[in-house]
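Residue numbering restarts at 1 for every chain, and letters A, B, ... go by the order of the sequence lines.
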There are 2 protein chains.
Amino acid sequence: MSSPNSDTRTRILESAWKLLEADTGGTVRMSDIARTAGVSRQAVYLHFPKRADLLTATTRYLDEVNDMDARLAKSRSSQDGIERLDAFIEAWGGYIPQIYGVAKALLAMKDTDVEANIAWTNRMQAVREGCEAAIKALADDGQLTSSMTQTQATDTLWTMLSVRNWEQLTRDCGWSQDQYMDFTRRAAHRVLLTV
Amino acid sequence: MSSPNSDTRTRILESAWKLLEADTGGTVRMSDIARTAGVSRQAVYLHFPKRADLLTATTRYLDEVNDMDARLAKSRSSQDGIERLDAFIEAWGGYIPQIYGVAKALLAMKDTDVEANIAWTNRMQAVREGCEAAIKALADDGQLTSSMTQTQATDTLWTMLSVRNWEQLTRDCGWSQDQYMDFTRRAAHRVLLTV
DNA sequence: TGTAAACTTGACGCGGTGTCAAGTGATGAA
DNA sequence: TTCATCACTTGACACCGCGTCAAGTTTACA
């Protein structure tokens, strides 16, 4: 508990991640995570008082491990509007598979648990800001379609890039990650760019 | 129980509908439904053994009340591909608000309850078939973009018309139903039609 | 008058989250 | 050397929803 990255804490986060990633149908329980971390159920509660805490900590842990900041920084570096849009789609769309397990669990709690709702909303708000910046870059370059306001365009991109859309296309429709990325980029161009 | 539409049964369905429609945050419990139907909790179980049964029965009830068949029939009558696409978007997109409450509850159970999962999947499969027919009509008229197979186009339309997309745009982004419909139609055209 | 269907009442089991209290075993400071 | 503290364990318990069960009550109708 003292050190923010104690051994046990990391093992719990790692276990949560693995279980959620592999999640087949049934929900992952606190006791499951404890067991695969080789630790008592109460030890988990010692580090993460609520289930939602553990889940959000897991997303932060994943961000760290996957160096999400670097990915996003790269997407911000492009100058040209379209390049920037593509870079953002690449960055976020490519990251979804990494966090899908945890995201799913958080989404499932969202409707009943306030804390989970807040955590998820914050996270999605961050993504939205990325969308907003990309749209602004597009508008500044005169490449944004005239049929939408910037806000509407942001909403649109944000929705196209939602985890649920990724889920439907790759899980329910069986698309590969490459197909998903190709399609999303093309669709975004068709919907957002001037003709 | 004897008559498939006994008074009590209908009152339960009606209550479920109202509560789910008005659902603010917390889940609607079996006891809530019983109470507002003016009936004991067990009476509910007498008619609907499982929660999932009640929810699916509620969707069927809504289909009946809203005459969903008629809506869909109308969308099938158009001959021209684009007209048919628009009619289908109109029919389904306009119906989502009616079923959103129940749909949300069913979606929430989907991951933990097999029966709910099956019910939801069936329902979405029916929608997918509508998409498929619209895409086929488009292809037959030579109006479908050459950059996708018919299956991919169907997946795309189906995803655009998902309840979760409707939810994100109207709930999270605050779009009106009209804005949603307008946008969806235009976006579908941009993505699916030949240029 | 009797019986059966529809519903009520009140109790219980189950699974999962979260809490609590007492105990154990290492580490480190006096 | 001893004693305190920290990180963890053990086992119990409360709470909440769902779903079940058994024994009533009411209404209808034969």
Enquirer: How many whole angstroms separate atom CZ of Arg35(A) from atom P of dT9(D)?
Expert: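 It works out to 14 Å between those atoms.
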Enquirer: Residues in side-chain contact (heavy atoms from CB on, under 4.5 Å) with Ala108(A), at least two apart?
Expert: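 Checked Ala108(A) against side-chain contact (heavy atoms from CB on, under 4.5 Å); zero matches.
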Enquirer: How many whole angstroms separate atom CE of Met109(A) from atom P of dG16(C)?
Expert: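 Computing the Met109(A):CE to dG16(C):P distance gives 14 Å.
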Enquirer: Test of understanding: with side-chain hydrogen bond (donor to acceptor under 3.5 Å, both in side chains), list the residues that count as partners of Asp86(B), not counting sequence neighbours.
Expert: His189(B)
Enquirer: With sequence neighbours excluded, what pairs up with Arg29(B) under the side-chain hydrogen bond (donor to acceptor under 3.5 Å, both in side chains) test?
Expert: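 Only Asp32(B) meet the side-chain hydrogen bond (donor to acceptor under 3.5 Å, both in side chains) criterion with Arg29(B).
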Enquirer: How bent is the helix from dT1(C)-dA30(D) to dA30(C)-dT1(D), measuring the angle between the end axes built from five pairs each, rounded to 10°?
Expert: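 Inter-axis angle at the termini of the helix from dT1(C)-dA30(D) to dA30(C)-dT1(D): 30°.
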Enquirer: Using a heavy-atom distance cut-off of less than 4.0 Å, which residues of residues 36-44 of chain B contact DNA chain D?
Expert: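 Those residues are Arg41(B), Gln42(B).
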Enquirer: Please, which pairs that meet side chain to side chain donor-acceptor pair (under 3.5 Å) have at least one residue in residues 123-146 of chain A, sequence neighbours excluded?
Expert: Asp63(A)-Arg123(A), Asp80(A)-Gln143(A), Arg128(A)-Asp155(A), Lys136(A)-Asp140(A), Thr145(A)-Ser147(A), Thr145(A)-Arg190(B)
Enquirer: In whole angstroms, how far is the P atom of dC8(D) from the CD1 atom of Ile12(A)?
Expert: 7 Å
Enquirer: Could you state the CG-P distance from Leu46(A) to dT5(D), rounded to the nearest angstrom?
Expert: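 Taking CG of Leu46(A) and P of dT5(D), I get 17 Å after rounding.
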Enquirer: Pick out which of Trp175(B), Tyr100(B), Phe183(B) makes a ring-ring contact (aromatic ring centres under 6.0 Å, His included) with Trp166(B).
Expert: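 Per the ring-ring contact (aromatic ring centres under 6.0 Å, His included) rule, the option paired with Trp166(B) is Tyr100(B), out of Trp175(B), Tyr100(B), Phe183(B).
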Enquirer: I need the NZ-P distance between Lys50(B) and dC18(D), as an integer number of Å.
Expert: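 It is 12 Å, rounded to the nearest whole Å.
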Enquirer: Between P on dC7(C) and OH on Tyr45(B), what's the gap in Å once rounded to a whole number?
Expert: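 Atom-to-atom, Tyr45(B) to dC7(C), this comes out as 16 Å.
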Enquirer: For the pair made of CD1 in Ile33(B) and C1' in dC7(C), what is the distance, rounded to whole Å?
Expert: 18 Å
Enquirer: Could Asp182(A) and Arg185(A) be called an ion pair, given the rule that one side-chain N must be under 4.0 Å from one carboxylate O?
Expert: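 Yes, charged N to carboxylate O under 4.0 Å.
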Enquirer: Starting at atom CG of Asp113(A), determine the distance to atom C1' of dC15(D), rounded to an integer number of angstrom.
Expert: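 My rounded result for the distance is 16 Å.
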